[in-house]
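In this text the structure is predicted, and so the values were computed from the model without any measurement. We count ligands from 1, going down the list as the structure has it; atoms in each ligand are counted the same way. Quick note: residue numbers are just sequence positions, from 1.
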Amino acid sequence: MVASADLLATVLAVAQNNAKGSWEYGTVAEALLEWNNASISVWNDPFPNQQVPGVEWESVAALSWLRDKGVIRTDGETLYEDGAKGDPASLGIPALLIGTTDSTYHDAATRQKDHLIADNDRWSNGAISHREGYAELWADFIYMVPPFLAYYGVASDDVNLAKEGANQVKLYREVLGTEAGTWKHIVGPGAPDDGIWSTGNAWAAAGASRVLATLRKSKFDGETKSEQGELVGTIKAIIDGAIAQDNDQSELLRNYLPDSSWWGEISGTALLAATALRMAKLEPGTFGESYKEWALKKMDVVDSHIEEGTGIAKPAIDPLNWRNTEPYVAGSPEGQSFIILLHAAARDA
Ligand SMILES: *[C@@H]1O[C@H](CO)[C@@H](O)[C@H](O)[C@H]1NC(C)=O
């Protein structure tokens with residue numbers, strides 16, 4: 001049974017109330033944007049007149065929510081203060097949108113971009129680190145940084161920066177990608193995780209799809225065909241790899257996709273399904289009907305795990321501890337957002 005609009009409003013409210021980390025704020029904002037103001041998201045018409053649209057931030061829930069809460073820092077090197085290098089960049093696109101009418105936000109987004117590009121802790125192949133102070137690559141990075149770099153590149157008429165968004169996806173795949181098409185979670189000295197984390201694969205595929213849409217809908221479409229082709233291949237490899245492991249009796253994807261000791265959970269399932277739907281629309285030649293059918297089936301299953309009344313979806317993986325075998329039942333900010341992204345994708349399919 002498909003969740004009602006009222007229930008989805010509750011799902012979204014839980015995400016907004018529970019968000020604490022920079023990437024959670026950024027992901028909730030993306031969900032608000034795709035849900036309430038789809039026309040200016042990268043899936044529709046992100047660059048009318050080849051530019052970032054000048055919007056009154058008060059009229060866009062994603063932006064007014066961030067602004068009213070004072071989430072985005074406008075006087076520092078980064079848009080948020082936390083230990084991660086990559087995560088604060090998830091606030092970059094909202095900062096650029098607010099920045100069309102408030103230049104302090106535009107300037108803050110510029111410093112955030114410069115901070116990423118200046119990274120001295122890069123992996124040997126040139127991948128920007130997801131952490132401050134040492135080189136470590138997390139699949140999560142792909143949702144936070146490359147979409148921002150690509151969008152900033154279009155916004156500033158800089159084709160090389162737009163291409164750098166795609167290039168970072170490629171460099172990350174070189175390190176995290178596996179033969180099965182799916183990605184490891186983390187490679188580096190701090191918190192290595194060789195496991196094929198469902199949410200990590202979803203971050204990677206969904207982030208790459210946002211870079212693809214950004215390039216495709218920009219004035220750089222013609223100049224970025226080879227980057228776009230590579231992104232399509234990367235996204236397909238992850239989704240195909242996840243579908244090949246979609247055999248848990250719960251009909252949700254397992255938290256570590258190939259590991260049968262793990263339970264199925266809603267977060268990775270919802271964002272991978274959302275991505276399959278976005279790709280079926282953007283790239284129907286590669287992602288035919290079967291992807292759409294798979295994703296809509298997953299949406300049904302995910303919806304059946306949303307609790308009436310509270311709007312909490314469970315079981316979800318603990319968003320701060322992916323190895324915690326205890327299901328997270330308080331409402332994962334990212335998992336709740338992914339459900340909204342899935343429903344936005346289904347509505348637009
Ligand atoms: C965003 O969506 C709301 C309704 O959800 C609408 O009132 C508002 O005008 C939209 N803003 C823009 C800039 O399109």
**Request:** Show your reasoning for whether side-chain hydrogen bond (donor to acceptor under 3.5 Å, both in side chains) applies to D102 and T104.
**Result:** CA-CA 6 Å; D102 181 341; T104 58; 2.6 Å; yes
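Between D246 and R254, no side-chain nitrogen of the basic residue sits less than 4.0 Å from a carboxylate oxygen of the acidic one, so the salt-bridge criterion is not met. Remark: E132 engages K85 in a salt bridge, criterion side-chain N to carboxylate O under 4.0 Å.
For ligand 1, the protein residues placed under 4.0 Å by at least one non-hydrogen atom are N36, N37, V55, S59, V60.
When K219, K225, K217 are each tested for a salt bridge (charged side-chain N to carboxylate O under 4.0 Å, His left out) with D221, only one passes: K225.
Between F47 and Y151, the ring planes are tilted. Angles from 30° to 60° get that label. Using bins of under 30°, 30° to 60° and over 60° for the plane-to-plane angle, the ring pair Y25/Y80 lands in the tilted bin.
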